[in-house]
Amino acid sequence: MALLAPYTKIPEPNTATILLVESEEKFQSRLADAIVQRENDAIVNVRLARRLPLPVENSETRPRVDLVVFIVNLLSEHSLQVVENSLSHLRSDFFLGKVCFMVTDARCGALTQERLLSVKKLAASHRCPLICAEHQTEDGVAMAASRLLTLLKVSAGLSPVATTALYLSTLTRCTVPSELDED
Amino acid sequence: MDEQARAILQRILRKLPSKKTPSTLRAWGCLSAEQLEDLDYTQPKWLLLENLISKCEESGLRLKDVTKLEMVYHIENPNQGKWHAFKLTEPEDEAVSVDFTQFKEMFVAHLEEVVQHVSIRMKKQEDGAVWIRMAWGDNLTRPNHLKPTYAVHYLQTPYVFILNLSAKHKPFLYQALVLSSRHTSINEAHLSGRSLTAMRDLLMKQYQQVFPNQERTLKERNAPPSHPNIEKEHAESAERTHQMACEAFGDGTVPKLETAVYKLETRYRGSSNDTLSDRDELFRGVVKFSSPNLLESLRHCVSTGMAEAPVTPLLSSITQKGRNYFVIAEKAPGATSQTPAR
Amino acid sequence: MAHLSNSTGLAPDPSRELLESSISGLSNRSLRVAENVRKKGEINSFQIALNYLSNVQEGTVVRGNDELERNLVVVETVALRHGLPPDAISLLLDLALSLRAGGVTCLRILKFLIPSSIVPQEAIIRGVSWLCVGKMTVNAQVLFLRWVLTVFDLIVCKDQLRSIYGFIFSFVTEENLCPFICHLLYLLTMKEHVQPYRVRKLVDIQAKMGRQPFLMQLLALYKVFWPELVTLSVPSQMRTGFKNYNSTWKAALSAVQKKARTEVTADLSLSVELKGKSTSRKRKLHHLEVPGLSSAFDTSSERKVYRLQELRSFTQLLQNIHNIELPAQMGSLLGSSLALHYLDCVQDESAFLRLNFWLGHSLQEEFLLCPEDGGLESLSEASTFLSTILSSQKFLQEGFFSTESFLYKFLSVWDGSLLRPQILDLLSHIPMMTSNYLRMFVFEPLVQLYFTSNVFFKCSVIECLNSMLLKWLTWHSVNPLEECLELSVNPNTTVTMTLSRLIDTVTELVNFVGCLATEGLHLENCHTLLLNQTLNFYETVCDMLVKYDLPLVIMPPAGVFYPALLATDSLTVDRLGYIMYRYRKNLTLAKKQEQQNEQSFHISRSTYQDFNKQLVAMVNCLWNSKSFLPGTTNEIDEHLLIQSKVPKYRSRFDLVHHPAFFKYAIEFHQKCWPERMCVDLADIKVGRYWSWYMEFLFCQGFDGLNDFIQVNTGQSSSSSSN
């Protein structure tokens, strides 16, 4: 089973590629549009997938993936399961700053809070950042796109400042809130 | 006007949405144009009913005419109540040449022969459907118009759809239908639902079917992404699963079924529970799928990957065989199959 | 029946014609006349229906009774369109609860019992007495109680209800009714109602049913009135305690009220400004509505008690301050400054408890439980609501604990853009807490948002933390905490603040901002705006001892100091000069205080060393033309400096050659030697030109730098006093 690896291909100049994985395929297209429209300096390729592993047929034409984003819809258990199953299809060096988790509908009640906690634990154990997104408004989508672009530019090496994805991930990684009393 | 007529009028008026009332009354054709003009449809329904009753009394309308209105109502709103589908089998040679007048005469004759007091009304529509309304009585009582049975038969096809038939009157109706349409017997088609049009479309395959190896044009679903930099990884496999889903359940607007019921008469074969498996007794269970539009939801499940593609024959039989009630029985050890219920 | 249809049959025809003519836009006099005729017709039929219903006897057949049905329909349509007048409500409530028309009719009537203005108290009393008879089904009882809770604000005067408190309390043992009874009691309880036997009863029920939130809420209120009677521990901040009760009537009630409001002009003097109701039909939950203070009052009440809504001026408030009754809907206090004044003076714990409960509930419902966003309208409503809370908090000079707990929950699911200004503003108002909690609740979520967002968000966060620090320091300077005295800052937290804890917290905050600033400046390539905000923060920090009397001095980290020193705009360098100047003042004061009294605080040696190093680096750089010397903190290897091929690298950051001051140097050069084509800035450093240049520079307004240079080099500038 071929794992997706971060450094097996040669990158294109001034190009970054982001892979959005979402099982429902609803939010990813809007997010993709927003990402592509926001970035004017570099060329950003967006690949949309439903799950990992990716189809083998595309592996030749696919550019080097710089950032993998797992989008979890907290209202659906299926969404979380797909993401959990997909994690084992990434090579372990992807998790050095090139993976990010994004959740939608985080503000929706008690059930989503439990799932959010499990996603947080997942993200924390893999040392990845977790981004909450508001997918219903234009502004929310734009904000999510801009945050992903911040991460993408660093992990693709396009940032003008001397920094690496690994270093940025030490600053952005998710932490699980410890047990607190009633607050 | 007698009580039954008033009750029927009340019922119809209560069920009709206010927007449709004028057109239905006009289609009825029993009230004059001025009388229809006179009615104020913005009044509360009980007031409108009073006015309508007084107009009917003015024109001297009786129960007969009111039942005509009820039939008009049902013809215009066929998607109510619970319809059951039936199939006439083993046609005789003359079956193909039966026309409406012939059918009507024979049907009325046969039915009136066996049931003392029955009130029959028949109407043929442009699409070839013959609507039959029956109100049943018996030797002693007059026909009860408050509980009519409706039957819809499409001439030159073996299909009949029946609404509100009680067990008592079943044999009479079956016999009348079989004899007047020149067939030998009638069987249940194991298809039931709310929407008559949906059932008809399903049985007579009047929906958009998709066949394997058909040239597929790009639909909305598989539209190319909006920007050249965006690419879908699973475009091909998504296309394939969507194709399979459409083959199984149809494309575009599909007939609106509400339920599918699978009755299990098999042995339990799961390995998790010792007390249930390896028993000789059958594990009886019923699996019921319900949805506002069942076929569309199943198609969506398959094309988004929630259900596996290729579609299991258990689900695709709904459209292939045109039924939504299945009994799954033990055939041979280790194999399950479907057999039609008796 | 026939005559009824005739009398109402008169109206339809003219109204239909007139409807057509009104569409064409004509405003006939006959239109109004016909409208009145139609309305009168409606009112007549309504009265007739009410008369009929009031005469319905026990044992009337309901099924198939067209007459009853017809009259109920008439009343129902009026109720759903305009609401029912008070006498109709009494009548119908009596009819329903006495079960004269059967159980089904009872439920039906309760469901459309929408009041148009007020609900008379007697109706409710009678309703409770029917409840005591005990013939109603459980569903009907529950529905009745929910109805009472929904229309509670519209009940005119509640003193009679309070006098039957005991009867209402007796229902608390019924399991199905318990949640709603507890809620009703919560709204009615006054100090005299809290009795030991009632407390005991509630505790017994709790033992049976478990720590149900509605029981806990009522017990918390009891505890506020009589802390000694309620001995069990009640969590101070609770989530929503009471079940949803008004879903059945909410939409209809708001529609009727909205209609009434548009027809009658409201009198709004000092009190609340009525917020426009959202017209979007998609909003099923109108939680953001700060309820208006209703102006209905009962003139026949015996006790001369003023309602808060009746007061119109501050003097009135002062005159009657001992005699005021708080409204039942505590949320309405938020918009009115008069009400907040009163709350602040009286310090009524129960009022605060109720206000916090309502606030917490609304915030949770709106933002944390399936919010239906998507409309600009709903977003603007939300921001207005939060702004109201903010202004109330500013007015009271303290926060509500329910906003605090909401904020922490919200931060962990925030995306960074939703209602950003309001949320950051609320965040800057949180009270002091221990450094542990601060780290857990505020810093950890903020960090994850900060490093993934753009530079403007980073600036906003630093600005927010700056104002948070300012508020804490101001609080401390007004209420100084002694080392040995333990004062509880927030009466609802279980941790008390001492001076050492405060110092810990402030240190944690300053270090956190230092870390954010260092990394942020690095990632954003020393963006000017971010640097600006950071220096704002350190302007607050440098003066903690002198201005705010907090014995703490923390130096800026190297990642902030050097970007500021080597920045390309002059304002930044000037501000850095000011900050270093203030640091020096603070440290000298600290040293003096330490020498004078032995038991005062102790600034560690490393702080002095850090300061000295930075000071030396800055002076060397700007004044002595000796930047990057080996042995200093900004040491750069000689080889690298030679490789850069910059001539005279040591003096490249002094006051003449510094990129920030370059422009001024050239200007000066041109003024001095206008005829020279070849510019050699080293000429400025010679003799009197140097002092003239200093004067020229400081005339440009670089006061901070001026002070810094003066203090540290002894160079005086004659123009400094201007």
Side-chain angles (χ1 to χ4, degrees), chain A residues 4 12 14-40 42-63 65-66 68-69 73 76-79 81-82 85-86 89 145 148-149 152 156, chain B residues 212-213 215-249 251-252 254 270 272 287-312 314-315:
Chain A
L4 191 62
E12 306 275 314
N14 206 28
T15 311
T17 307
I18 186 171
L19 175 66
L20 301 176
V21 180
E22 183 191 7
S23 70
E24 280 94 22
E25 297 178 302
K26 280 188 294 199
F27 181 40
Q28 43 171 223
S29 41
R30 291 172 61 203
L31 193 57
D33 287 336
I35 291 176
V36 163
Q37 277 163 19
R38 276 184 93 81
E39 184 52 41
N40 297 320
I43 304 170
V44 176
N45 290 321
V46 183
R47 314 282 291 191
L48 306 175
R50 262 194 222 169
R51 60 179 176 281
L52 295 178
L54 298 175
V56 186
E57 307 91 57
N58 295 345
S59 57
E60 293 302 312
T61 52
R62 193 185 306 134
V65 175
D66 295 307
V68 178
V69 183
N73 180 0
S76 143
E77 186 65 36
H78 177 69
S79 187
Q81 279 171 357
V82 163
N85 295 337
S86 305
H89 294 276
L148 284 181
L149 276 171
L152 177 65
Chain B
N213 307 322
E215 270 289 319
R216 278 192 52 79
T217 53
L218 276 174
K219 300 259 176 192
E220 262 176 25
R221 231 201 96 77
N222 292 337
S226 42
H227 196 277
N229 282 8
I230 304 177
E231 212 175 299
K232 292 196 182 176
E233 288 283 338
H234 293 282
E236 270 189 50
S237 66
E239 167 102 28
R240 254 182 283 134
T241 33
H242 186 59
Q243 169 85 355
M244 284 194 269
C246 288
E247 277 170 30
F249 300 112
D251 199 5
V254 285
S272 49
V287 177
K288 182 171 172 184
F289 294 91
S290 43
S291 157
N293 189 341
L294 183 69
L295 291 176
E296 195 177 309
S297 1
L298 286 174
R299 183 179 66 188
H300 186 257
C301 277
V302 173
S303 61
T304 52
M306 277 196 262
E308 271 184 35
V311 186
T312 159
L314 286 171
L315 287 177

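Below, all heavy atoms of this structure are taken into account, side chains as well, without hydrogens, waters or symmetry copies. Numbers restart at 1 for each chain; the letters A, B, ... are given by sequence-line order, proteins then strands. Bear in mind the structure is a predicted one, so any value in this text is a computation, not a measurement.
Interface remark: of the candidates A/V82, A/L54, A/L20, A/L54 forms the most heavy-atom pairs closer than 4.5 Å to chain B.
Summarising the geometry, atom CD1 belonging to A/I18 is positioned 11.0 Å from atom CD1 belonging to B/I230; distances are rounded to the nearest 0.5 Å. Rounding to the nearest 0.5 Å places CG of A/L52 at 9.0 Å from CD of B/E233. For the atom pair OG1 of B/T241 and CZ of A/R50, the computed distance is 5.0 Å after rounding to the nearest 0.5 Å.
In this structure, the side chains of A/R62 and B/E231 stay at 4.5 Å or more apart for every pair of heavy atoms. Using a 4.5 Å heavy-atom threshold, the side chains of A/L48 and B/H234 count as separate.
Both the backbone and the side chain of A/D33 come within less than 4.5 Å of a heavy atom of chain B.
B/N229 and A/I43 get closest at one heavy-atom pair: ND2-CG2, 3.6 Å.
Heavy atoms from other residues, nucleotides or ligands lying under 6.0 Å from CD of A/E57 number more than 12.
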